[in-house]
Amino acid sequence: VLFRSAEVLCWLDAGSSKPDAEILHLLWYRDSDGLAVDWTAGWWDGEVWRDASHGGVIDGDVLAYADVHGPRIRVREGD
């Protein structure tokens, strides 16, 4: 089953606010060389930003984060 859904992301400045700890977010970050800007999934652990692909510390500066809710799917009774 293919679900088509659009979602507006509200990006929050990671320099001026931090989310609650241990919640997965979409992160916009600059790498440690300061050259590339990219996105990844990750979370704030209360002290540092973590990369969801390996659990380690983000190698760079997180510039912004957004909550992603995913498609709104109705579950049919009996599924």
Side-chain angles (χ1 to χ4, degrees):
V1 175
L2 177 63
F3 296 97
R4 294 176 188 222
S5 176
E7 181 174 347
V8 175
L9 297 178
C10 178
W11 290 97
L12 301 168
D13 181 0
S16 62
S17 70
K18 299 291 187 278
D20 290 337
E22 311 302 334
I23 298 172
L24 193 65
H25 299 280
L26 189 60
L27 307 178
W28 188 250
Y29 73 100
R30 181 180 299 119
D31 70 13
S32 60
D33 294 334
L35 302 175
V37 177
D38 203 354
W39 64 273
T40 190
W43 69 92
W44 174 251
D45 74 0
E47 295 183 22
V48 295
W49 289 100
R50 302 266 174 192
D51 187 322
S53 67
H54 53 72
V57 176
I58 295 279
D59 185 25
D61 297 315
V62 174
L63 306 173
Y65 63 95
D67 290 325
V68 178
H69 300 286
R72 304 293 186 241
I73 301 170
R74 274 194 223 165
V75 177
R76 292 180 303 221
E77 199 169 308
D79 282 354

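Being a predicted model, the structure only gives us computed values, none of them experimental.
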Tell me whether Trp44 shares a hydrophobic cluster with Ile58, the cluster being built from Ile, Leu, Val, Met, Phe, Trp, Tyr side chains joined at under 4.5 Å.
yes
Taking everything shown except Glu22 itself, do over 12 heavy atoms lie less than 6.0 Å from its CD?
yes
Looking at every non-hydrogen atom in both residues, tell me the closest pair between Trp43 and Leu27 and how far apart they are.
N-CD1, 4.3 Å
Membership question, hydrophobic clusters at under 4.5 Å side-chain separation (ILVMFWY): are Val48 and Tyr29 in the same one?
no
Looking at every heavy atom in both Leu35 and Asp31, which two are closest together, and how far apart are they?
N-OD1, 3.2 Å
If you measure from CG on Leu9 to NE2 on His69, what distance do you get to the nearest 0.5 Å?
9.0 Å
Validation row: Leu12, Cys10 side chains within 4.5 angstrom (heavy atoms)
yes
Find the distance between CG (Asp38) and CZ (Arg30) and round it off to the nearest 0.5 Å.
12.5 Å
Asp20 side, atom CG; His25 side, atom NE2 - distance, nearest 0.5 Å
7.5 Å
Say whether Leu26 and Val37 are linked into one hydrophobic cluster, either directly or through other cluster members, by side-chain heavy-atom distances under 4.5 angstrom.
yes
I would like to know whether Trp49 and Tyr65 meet side-chain contact (heavy atoms from CB on, under 4.5 Å); could you show each step before the answer?
CA-CA 10 Å; Trp49 289 100; Tyr65 63 95; 3.7 Å; yes
In one Ile/Leu/Val/Met/Phe/Trp/Tyr side-chain cluster, 4.5 Å: Leu63, Val68
yes
Whether Trp28 and Trp11 hold their rings parallel, tilted or perpendicular, with breakpoints at 30° and 60°:
perpendicular
Just verifying a value: how many Å separate Asp59 CG and Asp51 CG, rounded to the nearest 0.5 Å?
9.5 Å
List the residues meeting side-chain contact (heavy atoms from CB on, under 4.5 Å) with Asp13, not counting sequence neighbours, and say none if there are none.
Ser16
Which atom names give the shortest non-hydrogen contact between Arg50 and Val57, and what distance separates them?
NH1-CG2, 3.6 Å
